[in-house]
A.B. asks: 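Questions regarding the structure given below will be posed in turn.
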There are 2 protein chains.
Amino acid sequence: MDLDLRKLRYFVAVADRLHFGRAAEELHIAQPVLSRQIRALEHDLGTSLFNRDSHGVTLTDAGRQLMDDAGPLLASAHAVRRRVSASALGSRRLVVGFRAGIPVIPAARVFEARHPDVVVDVQRMEWDDQATMLLDGRVDVGYVRLPIDETGLRLTPLYTEPLMAVLPTGHRLAGKDEVSESDLAGEPLVWHGDASTQPTRRPHPDSGLRVRGVEEKLEHVAAGRGISFVGRSETVFYSRPDISYVPVPDLPPAQIHLAMAADRTSPLADDFFAAAQATAEVTAECGNYEMWQRANDAVSRHG
Amino acid sequence: MDLDLRKLRYFVAVADRLHFGRAAEELHIAQPVLSRQIRALEHDLGTSLFNRDSHGVTLTDAGRQLMDDAGPLLASAHAVRRRVSASALGSRRLVVGFRAGIPVIPAARVFEARHPDVVVDVQRMEWDDQATMLLDGRVDVGYVRLPIDETGLRLTPLYTEPLMAVLPTGHRLAGKDEVSESDLAGEPLVWHGDASTQPTRRPHPDSGLRVRGVEEKLEHVAAGRGISFVGRSETVFYSRPDISYVPVPDLPPAQIHLAMAADRTSPLADDFFAAAQATAEVTAECGNYEMWQRANDAVSRHG
DNA sequence: TCGGGCGATACCCCCAAGGTATCACCACGG
DNA sequence: CCGTGGTGATACCTTGGGGGTATCGCCCGA
């Protein structure tokens, strides 16, 4: 009658590896049990999900369809459990996710003014888990950078910011007012999974270093292992003496969106949405290094 | 470990009725079983979901939260099962839902030109099930009318159409070129659940007749039991001699959106989206009675 | 031809979901 | 003040399914 989420989880494990033995090991159950559970799921759905050839295990059409759907469904179930647990503790709390460089403070202030009893908790996200964290309820609402798989999400554009090249301070282009993409054509690239900071197709997409967070990226660039790109706001919050940032005006700007799980209704999250949209200008301006300099200059002149 | 969807379904039954015995009856299980299952669910979630006072059963905060989330989750699970079954049959088929008066043909033609092997199936929806049908997979993509609860849905605006008053042919205003809302202020109203055709607040919202489909609405209006409103396109597809339609320019127009479940990824549905957006103009124009008259006149002149 | 890898089968145990009978509690009427 | 009916919880039984181990059947490569 009802879909069995345990079996679904087992199915995902097998479909990921296309190998019953290793999937069973991963799930900490015996292989025959897994075989039987998958058979039961197939019986339940009235169709076979795997082709068991002598050459190995492959997905059927139905299996592929189930694979597409299983992830979001399991994530939703996880999110439900998480939210119920949270509301059981009576916690008036909103978890806001953000990508590196995006300040949550402006919107949080406005939000907390309207909801003095709610604590805004922040949680940094990376390119490869921003969607998952929203879908499985680890964050209630998040500032995300495009591109993102918007399956199961509700996105609202907030603002854009220009991209900057990340160069070691000693680099030949380090002092320039701006560079073009072609100026950097020959440089080795420190890859970030986030395609928003991947300008155009490079000849060898798997050559060079792959990093996950900004700090690692900067570390590699500072060590001279390559160059990279970041959104302008990151230059404010991650400034270091051995790194230079140079605008690259001919690259399309990075898009910052606000996102939440599409299958939810939450007055708190809605109000945070409103607060974030109201403060989008301010939030964007926080990423403007010139603005901070002008402000600092004004203070020091008056000091 | 995993949420048990059967227990979740049981929970919804109890929460709907706030009565264990009747919920058990509805579920076709014995009442003690239901009590035990709910206890197990509460234990699993680590919190109580119901307050069992001597005065009856009420939801706790956690229970309310779970109630908000349970419906969409169960609908998603249902949708997954449905889609897997469909793809098991190898059926290249896309089910398009539509509200009364909205022609699917223009978009379907464009879509079928690109996917000759896919059959476009159509399914009429009413105001009260349009969201559910999209969420539980009975339709893959749908033309919906606002307002709609967009939880779990992805909406794209297509076009708007003016509202028309529905009057019996003998009505004092039946022949007019247009009427204003105030002209109709005293008339009894045939209520449609769909608020898109409910102009402003009426003094007694539960007075008068309540209907579900257009045909029933027209039947009542024709019988002189009241007046009503519809989108302009419905006047084309539901024209009858005993009913007159009169434009009401001072009412805000009805909004037609295209919708699909947000937790899905489907190339077929995406292509239908594209086709529907490309043919939005034509689709809207199909609802223009004047256009059809001009076309008919041209044919008869030439015939 | 034979051994190794892999999924399926056979056969156990045990827990949980289903059932029935009954209890505990409370509101309410006589 | 005491039955009485309604409601959820408890006790106890049966059964199906999820967990395990041992083993088979099959195919492939040495």
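To find a chain, count down the sequence lines: A is the first, B the second, and so on, and within it residues start at 1.
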A.B. asks: OP1 or OP2 of D:dG19 versus the side-chain N and O atoms of A:Gln37: is any pair under 4.0 Å?
C.D. replies: yes

A.B. asks: Could you state the atom-to-atom distance from CG of A:Asp2 to P of C:dG18 in whole Å?
C.D. replies: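 Taking CG of A:Asp2 and P of C:dG18, I get 10 Å after rounding.
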
A.B. asks: Under a plain distance cut-off of 3.5 Å, with no hydrogens placed, do A:Ser87 and B:Asp61 share a side-chain donor-acceptor pair?
C.D. replies: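 No, A:Ser87 and B:Asp61 have no side-chain donor paired with an acceptor closer than 3.5 Å.
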
A.B. asks: Determine: side-chain N/O of B:Lys7 to OP1/OP2 of C:dA16, distance under 4.0 Å, yes or no.
C.D. replies: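 So the side chain of B:Lys7 is outside the cut-off, no N or O lying under 4.0 Å from OP1 or OP2 of C:dA16.
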
A.B. asks: B:Leu49 has an atom CG; how far is it from atom P of D:dG8, in whole Å?
C.D. replies: 15 Å

A.B. asks: What integer distance in Å separates A:Ile29:CD1 from D:dG17:C1'?
C.D. replies: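 Result: 14 Å.
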
A.B. asks: Within this structure, what is the CD1-to-C1' distance between A:Ile38 and D:dG17, rounded to whole angstrom?
C.D. replies: 15 Å

A.B. asks: A:Arg9 has an atom CZ; how far is it from atom P of D:dG18, in whole Å?
C.D. replies: 13 Å

A.B. asks: Looking for any heavy atom pair under 4.0 Å, which part of the strands does A:Gln31 touch: base, sugar-phosphate only, or nothing?
C.D. replies: base

A.B. asks: What is the distance from CD of A:Glu25 to P of C:dG7, rounded to the nearest Å?
C.D. replies: 12 Å

A.B. asks: Distance check: side-chain N/O of A:Ser35 vs OP1/OP2 of C:dA8, anything under 4.0 Å?
C.D. replies: yes

A.B. asks: If you assign each of A:Pro32 and A:Tyr10 to its closest nucleotide in DNA chain D, which residue comes earlier from the 5' end?
C.D. replies: A:Tyr10

A.B. asks: Between B:Phe50 and B:Phe11, how do the two ring planes meet: parallel, tilted or perpendicular, split at 30° and 60°?
C.D. replies: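 Ring orientation of B:Phe50 relative to B:Phe11: tilted.
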
A.B. asks: Could you tell me whether the side chains of B:Gln65 and B:Asp69 share a donor-acceptor contact shorter than 3.5 Å?
C.D. replies: yes

A.B. asks: Looking at every strand, decide which applies to A:Leu34 at a 4.0 Å heavy-atom threshold: base, sugar-phosphate, or nothing.
C.D. replies: nothing

A.B. asks: What is the separation between atom CG on A:Asp44 and atom P on D:dG16, rounded to the nearest whole Å?
C.D. replies: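 Rounded to whole Å, this separation is 17 Å.
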
A.B. asks: Within the 3.5 Å criterion, strictly below it, is a donor on B:Thr265 or A:Thr151 matched to an acceptor on the partner's side chain?
C.D. replies: yes

A.B. asks: Which listed nucleotide (D:dG20, D:dT7, D:dA9) is nearest to the side chain of B:Arg22?
C.D. replies: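 The answer is D:dT7.
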
A.B. asks: Just to confirm, is there a sub-4.0 Å distance from OP1 or OP2 of D:dT10 to any side-chain nitrogen or oxygen of B:Arg36?
C.D. replies: no

A.B. asks: Can you tell me if the side-chain N/O atoms of B:Arg6 get under 4.0 Å from OP1 or OP2 in D:dG17?
C.D. replies: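 Checking D:dG17 against B:Arg6, no side-chain N or O comes under 4.0 Å of OP1 or OP2.
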
A.B. asks: Regarding B:Gln123 and B:Arg138, is there a side-chain donor-to-acceptor distance under 3.5 Å anywhere?
C.D. replies: no

A.B. asks: Where each residue is assigned the nucleotide of DNA chain D containing its nearest heavy atom, which of A:His28 and B:Gly21 is assigned the position nearer the 5′ end?
C.D. replies: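 First, find each residue's nearest nucleotide; the 5'-ward one identifies B:Gly21.
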
A.B. asks: Please work out if B:Phe50 contacts a base, only the sugar-phosphate, or nothing of the nucleic acid, heavy-atom cut-off 4.0 Å.
C.D. replies: nothing

A.B. asks: Below the 4.0 Å mark, does D:dG8 have OP1 or OP2 next to a side-chain nitrogen or oxygen of B:His19?
C.D. replies: yes

A.B. asks: What is the distance, rounded to the nearest whole Å, between atom CG of A:Asp53 and atom P of C:dA8?
C.D. replies: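 So the CG-P distance, A:Asp53 to C:dA8, works out to 12 Å.
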
